[in-house]
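Below is one structure, written out as structure tokens, with a few remarks after it.
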Amino acid sequence: MEEINELIEQRKKKLADLRASGIDPYYESFQAADYARALLDKYNELDHDALESLNRSSSVAGRILAMRNFGKLAFVHISDASDEKIQLCFARDILQDRFPIIKKFDVGDIVGVSGRLFKTKTGELTVEVQDFKIVSKSLRPLPEKWHGLTDVETRYRQRYVDLIVNPAVKKTFAMRSKILKAIRDFLELRGFIEVETPMMHPIAGGAAAKPFKTFHNALELDLYLRIAPELYLKRLLVGGYDKIFEINKNFRNEGISTKHNPEFTMIEFYIAYKNYQYLMGFTEELICEAAMRSVGTLKFKYGEYDIDLTPPWQRLTFFGALEEKGLPEAVARDPEKSVQWARQNGINIPKDLPKGKPIFDEIFSELVEPELIQPTFITDYPVEISPLAKRKKDNPALVDRFELFVVGRELANAFTELNDPLDQRERFMQQAEARRQGDEEAQSMDEDFLRALEYGMPPAAGEGIGIDRLVMLLTDSHSIRDVILFPQLKTEQ
RNA sequence: GAGCCGCUAGCUCAGCUGGUAGAGCACCGCCCUUUUAAGGCGGGCGUCCUGGGUUCGAAUCCCAGGCGGCUCACCA
């Protein structure tokens, strides 16, 4: 991306000038003893005289974000990896013949300096620079200091610039890191081990979604990027693990929106000998732990909403929630009556809805989901839309399953795992039938998975949580792109 | 995939019913030893997203396309 640009040319000229005077503007290392944040935390409280008597020397390295030059004195703000800004003072009296080098500085350059700490007349903690190096010369101008970078396209495409100039972005991703750490710690403390299963699947199973397809040349094999790790994790249950989890990407070849990125991060975890009832309490604890260790509280704002994660969370059955909306289960289960009911109640039913797909699922998403603002478990899903979950003992038309909703969005999906290989085979057959009737997202028969179940899988509860959505909730982010460092975009030009 | 909105200097934006490109910041030059969006004086900077069309003349109007945002659809 070679561009002729006056500003870049000016900077290249400065770079050449530096080299001509024997200065290397691209160092291979710099030993900074201090972080800006640590210096401010420790010394900002001291007054001018107290700091003088300490005579504290320091060294910091970071990117120049602002410069104010007075001819024989210059103030420079740098920001370092501690995400804090510290002021540097370059004075001709101190730097003597090296002082003119600062004429070659630009906002964006990375410098390393050492010098004594002092307080300016206005009381700002400042490094009085005694020695300095330009460790990396920047050739491109940064966005201006006042309005910063707001163009969302540039922010996503050039996330590196976004991170330099928008501190809130770093905060979000620091939160993301804390949330993931909290989840890992929570599970590891309870005896789980983290595993990695294939991202490339010969059969894309474990969820209802369209996969990305790819090809392995040497094996001459069609492969799919995984849409879910579920069927592999359950194979591990067969193998004898009792508490496992995997945190990794899934890939779904579907539309992009504020809530969907083609690759997104899921955690799936499985506990042998437990059921979905157990997982509800477990989920409350897990998510509260993540919230406490990132947000620091269970009560916080998400946009207009005041969210309260304090357990226990509301629990409603799938058909119970529909009945509250005036749709009796008997009507919901009747394909024709339910369509009629939907039309009468102004529910938008897609015209191209595949034949095998039940209408109540549509009605539920349209009528119930948007109102589930506070955390709510929806339980006892119909078996037709849950091909991998165990049937309820007292009602084989339903399964032992829940989904967790917050701010109208699905955050988690969990169930008691189907471990009856014969029932599982039947469910796959039904899915195959749905596929024949036009449901592209119906699941495919996976003979190896069935073979594994035939060896015997312990009863188990399993759950998946959309990490990106959890991070959105806890960071008050309203687009999934704000919690993914490099969200998917079309290529430039 | 559909609808609506946007795209002008490095950044943030103005530019009316068509008359030939602007501001602030950033940048360059000079002055300035305590600034905090430093200040003063002077200066430069454009594929007006792209390609067609209408017109004497298009950043502006029309058509097509690109990229992005939002909403809807699909989904997590």
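Please read these numbers as outputs of a predicted model, since none were measured by experiment.
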- request: Using only heavy-atom distances, decide whether a donor-acceptor pair under 3.5 angstrom links the side-chain of A/E144 to the base of B/rG24.
  value: yes
task: Could you let me know what B/rC61 is paired to, Watson-Crick or G-U wobble, both distances under 3.5 Å, or none if it's on its own?
output: B/rG53
- prompt: Taking the C1' atom of each, how far is B/rU60 from B/rU20, in whole Å?
  reply: 12 Å
message: Partner lookup for B/rG10, please. Criteria are Watson-Crick or G-U wobble with both distances under 3.5 angstrom; report none if nothing qualifies.
response: B/rC25
message: Looking at B/rC70, I'd like to know if its phosphate oxygens (OP1 or OP2) sit under 4.0 Å from a side-chain N or O belonging to A/R481.
response: yes
- request: Using the six-membered ring for Trp and the full ring for Phe, Tyr or His, decide whether A/F264 stacks on the six-membered base ring of B/rA76 (centres under 5.5 Å, planes under 30°).
  value: yes
B/rA38 phosphate, OP1 or OP2, under 4.0 Å from A/R68 side-chain N/O: yes
- prompt: Would you say A/M199 and A/L225 make side-chain contact, with heavy atoms under 4.5 Å?
  reply: no
Under 3.5 Å donor-acceptor pair, A/Q87 side-chain atoms to B/rU35 base atoms: yes
field: Distance below 4.0 Å between A/R92 side-chain N/O and B/rU33 OP1 or OP2
entry: no
query: Can a side chain N or O of A/K145 be found less than 4.0 Å away from OP1 or OP2 on B/rU12?
result: no
message: Would you measure the distance from the C1' atom in B/rC67 across to the matching atom in B/rC49 and give it in whole Å?
response: 8 Å
task: May I ask you to say what A/T150 touches in the nucleic acid, namely base, sugar-phosphate or nothing, with a heavy-atom cut-off under 4.0 Å?
output: sugar-phosphate
